[in-house]
Amino acid sequence: MSAGIKLVAKPGEVEFPKGMEGMISRESTKSFVNGAEGFLCYNGIPIQQLAENSTFEEVCYLLMYDALPKETELAAFNQRLLQYREIPDFTYETIYGMPAYTTHPMAALRTAVSTLSLFDESSEEDTPSALERAGINLIAKLPTIVAAVARSRQGLEPVHPRADMPLATNFLYMYTGEEPSPLYAKVMDIILLLHADHGCNASTFTAIAATSSLSDMYSSVVAGICSLKGPLHGGANERVMRMLNEIGTVDNAEPYILNAIARKKKIMGFGHRVYKAYDPRAAILHGYAKDVTRQAGTEKWLQMAEIIERVMIDKLGKKGIYPNVDFFSGTVMASMGIDPSLFTPIFAMGRVPGWVSHILEQRADNRIYRPRFIYTGPMDVDYVPMDER
Ligand code: SDX
């Protein structure tokens, strides 16, 4: 591809899409996003049908194996997830040894997930079955790590995983120490399912670039976590909640957002590199937000969010700026009593099957990622000895 492109040039002399916008990195069967139409499917199944009928575990299987499981296949897959839920003592000790009040939750997640490979005797085994097993291990263990990080930050002992409830339910149980209501268990499952995959987003691209050098599954997933930690990718829902709390009242929502738009501020939870229409995941979460805020008594947040949504679409919809997945997920999770600092680690919990499935897909037909830079530095420069500088 770079053949014929001027690789040594003056700054700005050669045109290329910044942020690799619109560039193709590989073929994939995992998910497709039609940004103009606000459409998302996993292996051909529209996200609305999956939210309506599937579960997070079944979606993990769909993404990893490109097919919905038969009952026996799903039962076997669930059994593997169950047996991998518990994390090594060393991982608990690492989490509880971190400075609880100053450690960024995504830094805690990145560090704790890194310890998992030390206790997987086949973590360096470069075979499809070892990679697959490591991926399932990560999907199963992230909720246990995120719940332990949350409790350590509150000065609470960890609650160990149980084997008698689905992954999303078990996460809320480990986080609060109590079994969640059926509504909250269902909504957490939906939140994870909606975050499971999303084309070649920054963290997925980071993960497949890492694995393309034949780096192991753990390292490649940690690379994805590192990318998701960035505020342009993860954490927007946490900042949405900060914005709602700053606005304070329903009456102040419209003046606040009009003022922010006038000052050309980027409003968190809006805009997207691919979606230039309503993010279908936001629409699904908006639906659940009505039930959750009613049960939690936080309807005020939803009213504020709906005013912000109306004004933003009115003012910026013509520029393709619409709510993205982060806009309502914050309201929903905060209403469920989840601390906003946990929102991005929960996004990571949901996205692990996407990272894992793309890593496996990359490995099945691999070539190391090696793009080029346009060199705009000086040329033909001689070395200058220190005493002549
Ligand atoms: C996720 O890639 C994925 O798939 C990501 C994700 C996934 O599932 O993995 O969907 C998850 O990351 C969702 C996005 C969460 N981030 C935010 O909500 C942060 C706020 N959003 C923006 O920072 C921004 O919209 C991005 C980063 C999401 C996308 O930015 P782009 O494509 O690089 O667009 P841009 O910054 O070049 O902006 C283009 C124009 C600009 O206006 P002009 O200078 O042309 O006049 O749109 C404006 C921007 O000012 N704009 C916004 C805006 N986002 C873009 N204006 C107001 N508010 C916003 N949020």
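One-based numbering, in listed order, for ligands and for the atoms of each.
Note: His198 and His272 have perpendicular aromatic rings, judged against thresholds of 30 and 60 degrees for the angle between ring planes. Between His233 and Phe347, the angle of the ring planes goes over 60°, which puts this pair in the perpendicular group of the 30/60° scheme.
Note: an N/O pair closer than 3.5 Å links Ile267 and ligand 1 by distance alone. An N or O contact shorter than 3.5 Å is missing between Arg239 and ligand 1 by distance. At under 3.5 Å, a nitrogen or oxygen of Phe270, whether backbone or side chain, sits near a nitrogen or oxygen of ligand 1.
The shell of residues lying under 4.0 angstrom from ligand 1, judged by heavy atoms, includes Gly269. Heavy atoms of Asp326 come nearer than 4.0 angstrom to ligand 1 in at least one pair. The closest approach between Glu21 and ligand 1 stays at or above 4.0 Å for every heavy atom of the residue.
Each of the atoms 19 (C), 20 (C) of ligand 1 lies under 4.0 Å from some heavy atom of Met268. Those atoms of ligand 1 that come under 4.0 Å of a heavy atom in His198, given as number and element, are 3 (C), 4 (O), 7 (C), 8 (O), 10 (O). Set against the non-hydrogen atoms of Asn201, the atoms of ligand 1 under 4.0 Å away are 2 (O), 3 (C), 4 (O), 9 (O). Counting the atoms of ligand 1 from 1 in the order shown, those under 4.0 Å from a heavy atom of Gly271 are 25 (O), 28 (C). Remark: ligand 1 atoms within the under-4.0 Å shell around heavy atoms of Lys319 are 42 (O), 43 (P), 46 (O). Residue Ala236 approaches ligand 1 through these ligand atoms, each under 4.0 Å from one of its heavy atoms: 15 (C), 16 (N), 17 (C), 18 (O).
Side chain of Ser335 to backbone of Thr331: a donor-acceptor contact under 3.5 angstrom is found.
Only the side chain of Ile321 comes within 4.0 Å of ligand 1, counting heavy atoms alone; its backbone N, CA, C and O stay farther away. When heavy-atom distances to ligand 1 are checked against a 4.0 Å cut-off, Asn324 comes that close only through its side chain, counted from C-beta outward.
Closest to atom 6 (C) of ligand 1 among all protein heavy atoms lies His272 NE2, 3.7 Å. Nearest protein heavy-atom neighbour of atom 9 (O) of ligand 1: Arg351 NH1, 2.8 Å. Nearest non-hydrogen protein atom to atom 1 (C) of ligand 1 is His233 O, 3.5 Å.
At least one protein heavy atom sits closer than 4.0 Å to atom 19 (C) of ligand 1. Distances from atom 55 (C) of ligand 1 to the protein include at least one heavy-atom value under 4.0 Å. In this structure, atom 12 (O) of ligand 1 has protein heavy atoms in its sub-4.0 angstrom surroundings. For atom 34 (O) of ligand 1, the nearest protein heavy atom lies 4.0 Å away or farther. Shown here, atom 58 (N) of ligand 1 is in close reach of the protein: a heavy atom of it lies under 4.0 Å off.
Looking at heavy atoms from C-beta onward, Val59 lies in side-chain contact with Tyr42 at the 4.5 angstrom threshold. Tyr92 places a side-chain heavy atom less than 4.5 Å from the side chain of Thr144. The shortest side-chain heavy-atom distance between Asp189 and Pro166 does not fall under the 4.5 Å cut-off. The side-chain heavy atoms of Asp197 and His358, taken from C-beta on, include a pair separated by under 4.5 Å.
When the heavy-atom distances from atom 29 (C) of ligand 1 to Arg273, Lys264, Lys266 are ranked, the shortest goes to Arg273. Of the candidates Lys18, Lys276, His195, Arg281, it is Arg281 that places a heavy atom closest to atom 8 (O) of ligand 1. The closest heavy-atom contact to atom 23 (O) of ligand 1, among the options Asn237, Thr204, Asp197, Leu232, comes from Leu232.
Ion pairing of Glu86 with Lys141 is absent here, as no side-chain N (NZ or NE/NH1/NH2) approaches a carboxylate O to less than 4.0 Å. A salt bridge links Asp120 to Arg133: at least one charged side-chain nitrogen sits closer than 4.0 Å to a carboxylate oxygen. A salt bridge between Glu299 and Arg294 is absent, with no side-chain N of the basic residue lying under 4.0 Å from a carboxylate O of the acidic one. Ion pair Arg153/Asp339 not flagged as a salt bridge, since none of the NZ, NE, NH1 or NH2 atoms sits closer than 4.0 Å to an Asp/Glu carboxylate oxygen. Under the 4.0 Å criterion applied to side-chain N and carboxylate O atoms, Arg162 and Glu179 are assigned as salt-bridge partners.
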Pair Thr29, Asp66 - check side-chain hydrogen bond (donor to acceptor under 3.5 Å, both in side chains), show working. CA-CA 7 Å; Thr29 59; Asp66 283 350; 2.7 Å; yes
Tell me, with the steps shown, if Glu132 and Arg363 meet salt bridge (Lys or Arg N to Asp or Glu O under 4.0 Å). CA-CA 11 Å; Glu132 177 198 9; Arg363 284 304 203 84; over 6 Å; no
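Annotation: Glu125, atom CD; neighbour count of heavy atoms from other residues, nucleotides and ligands within 6.0 Å is above 12.
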